[in-house]
Amino acid sequence: MKKTFRNITGTFDILPEKYRADGTEIASSAAWQAVEAVIREVMARFHAQEIRTPILEPTELIARGVGLLTDIVSKEMFAFERGDTHYVLRPELTAPVMRAYLQHHLDQRGGVQKLYYIGPCFRAERPQKGRYRQFHQFGGEVIGSEDPRADAEVIAMMTAVYRAFGLTEMTLRLNTLGDEGSRPRYREALQAYFRPYAADLSETSRRRLETNPLRILDTKDERERRLLAEAPRLIEYVDEESRAHYETLKGLLGDLGIPFLEDPFLVRGLDYYTRTAFELESPHLGAQSALGGGGRYDLLARELGSKKPVPAVGFAAGIERLFMALAAQGVTMPEAAPPPDVFLVALGDEAARWAFAEAQRLRDEGLRTALDLRGRSMKAQMREANRQGAPFTLIVGKDELERRQAVVKEMASGEQSEVPFEDLIRILRDKIAAGAS
RNA sequence: GUGACCGUAGCUCAGUCGGUUAGAGCGCCAGGUUGUGGCCCUGGAGGUCGGGGGUUCAAUUCCCCUCGGUCACCCCA
């Protein structure tokens, strides 16, 4: 049996046409381009500017930035080493963006930095619906402001993308995690509350009770949820300033007409969040219900070695999940790249030679031009032109070569006319423009 | 990492209660038109029935293992 290769588990190819990979539909490259174009356009409306960072980052950056005890770092990293350098395929982009911000002293550009990104991320999880090992995120970061308006702006950026696609069926959940001081206080209160019930907790929750008790808040276990009903509330341990920040943010979201649901149990899986935390949920995604999420991460810069505090807030969202929401709500994207403007059909070697060179001239003039590359019959060439959806074919044989004119055929009507070689570009342009209008 | 379900042509799927050359539709290629596509007709290519082992006179069909896929737990995008 000959060895064949296939893509790595949890990754997928994006092809010119959409296809089904056992259940899940993978959108066409044209659809991906269209989706990315909308994202870029919306980001531009906020005057967010793109940042691109390497896919490879030092492991230490992610470990410190995201947090050693998080699932992402403790069990989901694609990491390796060469010599004494430790590399990781980035599992998210907030830490890399902050790294770049600090490294390049982007604060020296002046003002608040509003950055956005689109690109692949990697996590070594077992794949399932809406969850891949190589997946694609877009996100935005507002760095350099502690004002609640920055938080509101980030949420506005995220929701604007979904609105631009016409998506409506989703819920924004909102919470505040408090500042540096409130989390340890709440943490202790939570531990004190749960310790007597330790025997009733699941194995993971028991472990988390000591390592990362806040994560118990979003458990799905029924018994634990009942216990949570009586548990101390995070908001009661949140400091005054954070509470005021939260209240202002809620007011701002109201002003923007962005609906939200307060969720006192919302905590996020990354350690760097303080104060604001939010998540956008869709009912259409199966078990992976989050379209995106984010929050404020005022502590990250310091964790990454900055001497000055750098207040920042951002969001990250999954493009695969955006596609699922689009499909669920019947929003259609372009399925395929646009067809060629003209297809050159040649009969005989002489004509084929002329056509090959003519294609180059047409392309230089900006016309999308296709032609046969296999020396096939005229019938086959016409079939190919039809399949590709070319509105015009240009037919040349021995006669035409001698008379220095080509037959231009309009495929929809079947009408043909003879056009002198020197007029081809002008005539084709006119016809294409007429067809396009 | 754990569990459930699934694996027959490029795609969507029939089929074999174990038995001669495994089928359809779509797609692909070609012919019907000596220089003309779409519709139609005809023909063709393409499958070691995911892989390995076992039971059997005989396995695509039964059993075991394995690989791959999907979904769920977990976690998040």
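In the text below, chain A, chain B and the rest are named by the order of the sequence lines, each starting its count at 1.
Between B/G1, B/U36, B/A77, one nucleotide has an atom nearer to the side chain of A/F135 than all others, and that is B/A77. In the set B/C29, B/G31, B/G38, the nucleotide with an atom closest to the side chain of A/K379 is B/G31. For A/R131, taking side-chain heavy atoms from C-beta onward, the closest of the listed nucleotides B/C74, B/U12, B/C71 is B/C74. Each of B/G31, B/G38, B/U36 was ranked by its minimum atom distance to the side chain of A/S377; first place goes to B/G31. Listed nucleotides: B/G37, B/A77, B/C75. Nearest to the side chain of A/M411: B/G37. Of the candidate nucleotides B/G31, B/G37, B/G35, B/G37 has the atom nearest to the side chain of A/K409. For A/R376, whose side chain is taken as the heavy atoms from C-beta onward, the closest listed nucleotide among B/G1, B/A30, B/G35 is B/A30.
Checking B/G37 for Watson-Crick or G-U wobble geometry (two distances, each under 3.5 Å) identifies no partner in any strand. B/C17: no Watson-Crick or G-U partner with both key distances under 3.5 Å is found in any strand. The pairing partner recorded for B/G25 is B/C11, the criterion being a Watson-Crick or G-U wobble arrangement whose two distances lie under 3.5 angstrom.
The residues A/R302 and A/E180 are annotated as salt-bridged, a charged nitrogen and a carboxylate oxygen being separated by less than 4.0 angstrom.
Residue A/R133 is out of contact with every strand shown, counting any heavy-atom pair closer than 4.0 Å. When heavy atoms are screened at a 4.0 angstrom cut-off, A/L291 is found touching the sugar-phosphate backbone but no base atom. Nucleic acid contact for A/R387: sugar-phosphate only, since backbone atoms but no base atoms lie under 4.0 Å from a heavy atom of the residue. At the heavy-atom level, A/E400 lies under 4.0 Å from base atoms of the strands shown. Within the 4.0 angstrom heavy-atom criterion, no nucleotide atom of any strand lies near A/F138. Using a 4.0 Å heavy-atom criterion, one finds that A/G130 contacts the bases of the nucleic acid, with or without backbone contacts as well. Within 4.0 Å of A/A412, counting heavy atoms only, lies at least one base atom of the nucleic acid. Residue A/R6 is classed as a sugar-phosphate contact, given heavy-atom separations below 4.0 Å to backbone atoms only.
Between A/A316 and A/I8, the one whose closest nucleotide on RNA chain B sits nearer the 5' end is A/I8. Toward the 5' end of RNA chain B, the nearer of the two residues A/R383 and A/Q416, judged by each one's closest nucleotide, is A/R383.
Ring orientation note: the planes of A/F122 and A/F78 are nearly perpendicular, at an angle over 60° on the 30°/60° scale. Using cut-offs of 30° and 60° for the angle between ring planes, the A/F138 and A/Y162 rings count as tilted.
One finds a side-chain N or O of A/Q128 lying less than 4.0 angstrom from the OP1 or OP2 phosphate oxygen of B/A72.
Checked options A/N175, A/D298, A/D151; the residue passing with A/T276 is A/D151 (criterion: side chain to side chain donor-acceptor pair (under 3.5 Å)).
The salt bridge (charged side-chain N to carboxylate O under 4.0 Å, His left out) contacts involving residues 392-420 of chain A comprise A/R403-A/E418, where partners must be two or more places apart or lie in separate chains.
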